[in-house]
Amino acid sequence: MSPDDDAGFAAPPPFRPEEALQRLRRELRELGLNERQGLFERRGLPLARARIDGDAISAALVRRPSRASPEWLSRSLRSTAALRDFVAELRKALQQWGDRDD
């Protein structure tokens, strides 16, 4: 067996930020968010943002929904797994916030 053999596992496909951003937009719309100028909102409150930054997606979630000046928690998404984790984290935050922050 050669050291280059990955025990039968194929290498993951390369991360394509343009395609990943389209997927992210679709998934956020499925969560009930509306996109406006790179911000994803629910009932006028910005909750997430995303844009392409080189070979990654620069994404952020708000710490807590706020109309005034939301505090953003930023991260760089460089893989499909990171994108999935970002959506899962937002889904969990939406459940926690519920209607009490609207």
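For clarity, every value in this text was computed on a predicted model and none was experimentally measured. Residues take their numbers from the sequence shown, with the count starting at 1.
S74 OG to D53 CG: the interatomic distance, rounded to the nearest 0.5 Å, is 10.5 Å. Between the CG atom of L28 and the CG atom of L47 there is a distance of 9.5 Å, given to the nearest 0.5 Å. In this structure, the separation between CD on E30 and CD on E27 is 6.5 Å, given to the nearest 0.5 Å. One distance of note links CZ of R29 with CG of N34; it measures 10.0 Å at 0.5 Å rounding.
Residues L90 and F40 have side chains not in contact (no heavy-atom distance under 4.5 Å, counting atoms from C-beta outward). Side chains of I52 and E18 form a contact here, defined as non-hydrogen atoms less than 4.5 Å apart. Counting heavy atoms from C-beta on, the side chains of V87 and L24 come closer than 4.5 Å. By the 4.5 Å heavy-atom criterion applied to side chains, R84 and T80 are counted as neighbours. Counting only heavy atoms from C-beta outward, the side chains of P46 and P70 approach each other to under 4.5 Å. Using a 4.5 Å heavy-atom threshold, the side chains of L61 and R49 count as separate. A 4.5 Å side-chain heavy-atom check between L39 and E35 finds every atom pair outside the cut-off.
Minimum heavy-atom separation, S66 to L45: C-CD2, 3.8 Å. Closest non-hydrogen pair, A60 versus F86, comes out as O-CZ, 3.7 Å. Across P17 and I57, no two heavy atoms sit closer than the pair O-CD1, 3.8 Å. For the pair F15 and L77, the tightest heavy-atom approach, listed with the atom from each and the gap, is CE2-O, 3.5 Å.
L31 and L73 are assigned to two separate hydrophobic clusters, defined by single-linkage of ILVMFWY side chains at heavy-atom distances under 4.5 Å.
Between R23 and E19 there is no salt bridge, since no side-chain nitrogen of the basic residue lies less than 4.0 Å from a carboxylate oxygen of the acidic one. Between R64 and E71 there is no salt bridge, since no side-chain N of the basic residue sits under 4.0 Å from a carboxylate O of the acidic one. A salt bridge links R75 with E89: at least one charged nitrogen is closer than 4.0 Å to a carboxylate oxygen.
In this structure, R63 fails the cation-pi test against W72, since its NZ or CZ atom is not both closer than 6.0 Å to the six-membered ring centre and inside 45 degrees of the ring normal.
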